[in-house]
Amino acid sequence: MQQLPLRNTLSMLNNTFLPGYLSQSENFEELPTQSDVVIIGGGLLGTALSYYLAKSGVEVTLLERNDLNREASGTNAGSFHFQIALHQLTDNMTDADDKRLAEETKLMLDAAMLWDDIEKELDADLGVHFTGGFMVAETQEELQVLRDKQRIEEIAGLETQVMTGNEMREFAPYLAPDLSGIAFCPREGHANPLLVGPTYAYRAHQLGAKIRTNCEVIRIEQITGIPGFRFKIHTNRGTILCNRVVNASGAWTAEISSQLGLNLPMGLSGLHVNVTEPREYFLEAMVQHIGRRLTLKQTTNNTFIIGGGWPSREEKFPLRYSNFWESAAGNAAVAVRVLPMLKDVQLVRVWSGVWAYTNDFKPILGESEKIPGYHIAMVPTGFTLGPMVSRMLAEYMSQPGAKGLIPNEFHVDR
Amino acid sequence: MKTFDLVVIGGGPAGIAAAATASKHGLQVAIIDERPTLGGQIYKRVGPGFKVKSAKEVGKDYFLGEELINELENSSVELFLETLVGTIENSAVVIVRNGESAERLNYKKLLISPGAYDRPVAFPGWTLPGVITAGAAQSLVKTQRVNPGSRIFFAGSGPLALAFPAQLSGYGANIVGIIEAAPRPGIFKALRILLAVIGNLDLMRDAAKYQFHLISNRIPMTYRRIIVSANGKDRVESVTHAKVDKNWRVIPGTEKTVEVDALCVGYGFFPSVELFRLLDCELEYEESRGGAVVKLDNWGATSVANVFGAGDGTGISGSYVAIARGRLAALKIAAELGKISDKALSTLAAGYQRTFSQRTKFQRAINNAYEIKSGIYELADNGTVICRCESVKLESILPVLESTIDPSVVKAYTRCGMGLCQGRNCQRQISALIAQKHGIPISQITQATPRFPTKPIKLGQIADATVTSEKYFIDAE
Ligand SMILES: Cc1cc2nc3c(=O)[nH]c(=O)nc-3n(C[C@H](O)[C@H](O)[C@H](O)COP(=O)(O)OP(=O)(O)OC[C@H]3O[C@@H](n4cnc5c(N)ncnc54)[C@H](O)[C@@H]3O)c2cc1C
Ligand SMILES: Cc1cc2nc3c(=O)[nH]c(=O)nc-3n(C[C@H](O)[C@H](O)[C@H](O)COP(=O)(O)OP(=O)(O)OC[C@H]3O[C@@H](n4cnc5c(N)ncnc54)[C@H](O)[C@@H]3O)c2cc1C
């Protein structure tokens with residue numbers, strides 16, 4: 001195993017950051033014949049899990065069909081969504097909803113703490129910045145939602161501040177002056193999604209994890225008769241025996257699980273993203289909308305990335321989801337409404353990624369009771385929460401039989 | 001919302017011929033071009049404020065072009081000039097007119113003829129001011145009457161490598177040298193090629209005239225040499241060229257340096273296949289026609305229903321094939337829409353089919369003679385900028401090539417191809433680097449996923465407040 005000096009993980013060449021992993025050709029090497037744990041999927045969840053498992057001394061092999069980090073984890077905007085957002089709200093909020101939201105916010109806070117330390121943990125510059133985030137409101141009703149959510153966030157311990165009128169216009173003079181109000185959460189921010197997963201993988205590799213790309217899992221066979229092994233994983237590059245499997249294949253989690261008769265409560269959606277030409281840097285904080293689909297930020301390359309849940313068209317793998325013009329048009333309209341200067345900025349391209357969500361928005365995390373040894377790691381706001389839930393699962397897996405480490409409502413067989 | 005029988009994208013020879021023909025047979029036709037005037041590359045009209053006084057001054061092509069453009073302007077084809085294509089979906093072309101909001105043109109049939117662009121080649125110094133493509137030099141002279149320099153050097157390959165400098169010299173430019181990467185053609189081949197370059201017997205005279213012009217003006221032309229670097233501090237001051245082997249790899253020790261103030265580089269063209277890729281039309285790989293080319297049947301139909309292609313945007317074949325192909329596609333479309341009978345179709349098509357097959361044969365001969373060889377993609381050194389939009393140098397790209405064979409991965413990590421040109425300038429170079437590093441044929445390297453818009457468009461023109469969506473982050477449709 002090649003040991004590169006720490007910090008060398010990132011070669012900063014010509015302003016481009018490269019995770020050290022990319023300069024490894026090891027991923028083309030042959031598959032090991034066996035491994036205690038096999039992880040399916042080299043997105044953020046799979047790579048983070050491989051790191052935390054390897055760190056606890058667990059023998060682990062990660063199999064990725066393509067290159068690492070090319071699906072949701074490499075196509076998202078890299079935002080930390082800590083504030084309560086529209087999708088978490090219901091029409092008639094009850095006390096129970098308030099309680100649920102407070103719990104969800106606490107989970108976000110745990111994630112925030114992980115992000116605080118991640119660059120130290122991985123000894124790498126991952127572009128983590130806590131720039132703060134806006135949630136904007138256009139109508140009086142939306143402003144009320146901002147105030148309601150602020151109350152819950154306060155209980156959970158997440159600092160947010162609601163501003164209106166002149167206070168708002170002074171705080172964020174570039175936003176449309178006639179917005180009804182904004183909430184500002186100083187804790188929010190972003191990291192570079194292209195770096196986080198591959199850097200986890202690189203550190204895992206240094207700790208002895210085996211990572212193989214261009215390796216597609218075709219079938220999971222449950223076996224008996226070979227002591228210490230419960231599964232035989234069939235891939236396009238041969239088979240591998242293992243005692244435990246973790247399905248971290250993102251949008252494909254349900255498809256692979258159905259081979260084993262599991263029916264997961266999840267769905268898929270293609271998400272549309274716009275990126276513009278660069279403009280002089282001025283927008284530090286991320287901008288979201290409490291009533292319409294918008295996430296917007298200016299990147300360190302000075303371009304604007306605009307998304308927020310507009311759909312893209314499903315395509316059969318390996319084709320990438322394609323884009324609807326309407327999504328660009330609708331998304332641009334909200335963006336220009338909130339940040340008027342954008343109207344003269346050129347759209348350079350769009351892209352899309354497949355986003356996997358659960359019906360109740362909670363992670364699916366842990367070991368199946370129906371199929372012991374079979375684990376799932378899947379979470380909807382996976383960039384924000386991915387590292388944290390992966391660490392949670394690794395903790396469980398490195399102490400077999402341990403109880404209470406993973407909240408009950410994340411249960412795989414629910 | 002209006003529905004046209006036929007929408008044509010691209011107002012070059014292929015598109016004009018198609019639109020005019022279709023209109024003549026009673027179709028309602030729209031033609032779209034992002035430029036302010038029709039004509040495309042070869043028939044590009046002079047810029048505003050300029051006037052053409054005599055044929056002698058501008059060459060024969062100009063008048064052939066005027067004839068074609070007049071044919072169109074006298075028809076009922078609806079013109080959409082200075083109009084960009086945003087995307088194509090649901091049998092509609094989304095267009096953005098100068099300064100206006102996006103609108104849709106619905107079509108029954110679509111013909112895409114977006115033409116070609118100069119093949120970019122990265123070598124040390126290729127981004128210095130004063131280094132331009134041969135096509136750009138020609139455009140400057142054609143539309144603005146501006147000469148690119150006072151000591152101009154031409155380097156490249158292909159039939160136009162001869163025509164461009166001769167045309168420029170005809171405008172009084174001082175051309176200090178021409179180098180061609182391919183070997184000197186034998187006399188018979190040369191004749192056939194010259195014939196085919198222009199694609200018309202009477203124009204052979206022009207070709208001979210070019211050759212004669214170059215000889216009589218003592219402009220030195222050397223074969224089997226390529227540019228290895230452009231040198232200079234703030235702009236090009238000299239160029240170094242060298243002899244190459246049959247794969248166009250530089251033979252060390254054969255370098256020569258010439259003082260110049262302009263270098264025109266022309267290694268042929270790439271078809272603009274972006275719109276075809278966006279629609280998922282089947283492509284094939286043919287190096288001699290520009291690499292990824294569009295698969296067409298004899299009528300010009302693509303693999304996607306109701307979508308046709310013609311001209312250099314489907315694979316480099318020159319203007320005569322472009323015109324013939326445009327007319328054939330239009331006739332076929334007229335027949336499919338019931339405007340002409342099948343019998344009329346075969347009668348009307350016969351002449352164009354003849355031109356098409358005849359010219360194609362010639363064009364093949366030339367293209368093969370000037371096929372680009374891999375050595376040309378090995379000239380960049382560590383400090384050479386590969387992606388000029390994002391200023392990405394070769395040294396940032398090399399480490400990523402260790403672990404991947406996917407140009408999209410290179411793009412993601414280096415930003416190579418993410419800028420305003422959307423990879424037109426660097427993607428082939430990246431594919432060539434991957435091919436070389438991992439020993440894979442360049443034809444098998446995947447291309448970055450096609451995405452709209454093919455050219456940048458202002459958000460304010462795209463924005464449409466009537467598209468609403470209440471929920472956030474879920475329930476895609
Ligand atoms: C456009 C977009 C924007 C988003 N924005 C945000 C955001 O700003 N903030 C946020 O918190 N979240 C965001 N998300 C969600 C977040 O990106 C995902 O939840 C997260 O990346 C999921 O990570 P993952 O590792 O589970 O899945 P993925 O990254 O999709 O990884 C799964 C991997 O499994 C591999 N795989 C699949 N099948 C097989 C097989 N059979 N064999 C081997 N490998 C296989 C895939 O190739 C893939 O690499 C966004 C998502 C999208 C699509
Ligand atoms: C710079 C240059 C110079 C050339 N000079 C010569 C020459 O002197 N002699 C010669 O024989 N051949 C020349 N060629 C080759 C030339 O491409 C063909 O001979 C001929 O012009 C091809 O015709 P076409 O109709 O296929 O494409 P073109 O003539 O290129 O016409 C395509 C048209 O489509 C428009 N277009 C493209 N994309 C879009 C879009 N997305 N939206 C709206 N409009 C779009 C363009 O503006 C253009 O007007 C040249 C090529 C180039 C690139």
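Keep in mind it's a predicted model, so treat the numbers as computed, not measured. Just so it is clear: chains get the letters A, B, ... in the order the sequence lines come, proteins before strands, and each one is counted from 1.
Interface residues of residues 381-389 of chain B toward chain A, defined by a heavy-atom distance below 4.5 Å: none.
Looking only at distances, no side-chain donor or acceptor of B:Thr404 sits under 3.5 Å from a matching main-chain atom of B:Leu401. A:Ser327 places a side-chain N or O within donor-acceptor distance of the main-chain N or O of A:Pro311, the cut-off being under 3.5 Å. In this structure, the side chain of B:Thr83 does not engage the main chain of B:Ile32 through any donor-acceptor pair within 3.5 Å. The main-chain N or O of B:Pro456 is never found under 3.5 Å from a side-chain atom of A:Glu277 such that the two would form a donor-acceptor pair. Without hydrogens or angle criteria, B:Ser303 side chain to B:Glu282 main chain gives a donor-acceptor distance under 3.5 Å. Checked by atom type and distance alone, the side chain of A:Trp351 pairs as donor or acceptor with a backbone atom of A:Thr75 at under 3.5 Å.
For a residue to count as touching a neighbouring chain, one of its non-hydrogen atoms must lie under 4.5 Å from one of that chain's; by this rule B:Ser101 does not touch chain A. Neither the backbone nor the side chain of A:Ile290 comes within contact range of chain B; no heavy atom of the residue lies under 4.5 Å from a heavy atom of that chain. Using a 4.5 Å cut-off between heavy atoms, A:Arg349 contacts chain B through both its backbone and its side chain.
Of the N and O atoms on the side chains of A:Gln288 and A:Gln83, not one donor lies less than 3.5 Å from an acceptor on the other residue. Between the side chains of A:Asn214 and A:Arg237, not a single donor N or O lies within less than 3.5 Å of an accepting N or O.
Taking B:Asp280, B:Asp406, B:Thr87 one by one and counting their heavy-atom pairs under 4.5 Å with chain A, the maximum is reached by B:Thr87. Note: A:Ala329 leads A:Ala329, A:Ala328, A:Ala333 in heavy-atom pairs under 4.5 Å with chain B. Most heavy-atom pairs under 4.5 Å with chain A, from the set B:Ser408, B:Pro450, B:Gly419: that is B:Ser408. Comparing A:Leu342, A:Val336, A:Asn69 by how many heavy-atom pairs each has under 4.5 Å with chain B, the most go to A:Leu342. When A:Ser322, A:Gly267, A:Ser352, A:Gly307 are compared by the number of non-hydrogen pairs under 4.5 Å with chain B, A:Ser352 comes out ahead.
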Legend entry - Test side-chain contact (heavy atoms from CB on, under 4.5 Å) applied to B:Gln436 and B:Tyr377, step by step: CA-CA 9 Å; B:Gln436 192 192 346; B:Tyr377 289 118; over 6 Å; no
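Looking only at side-chain heavy atoms (C-beta outward), B:Gln427 and B:Gln422 stay at 4.5 Å or farther from each other.
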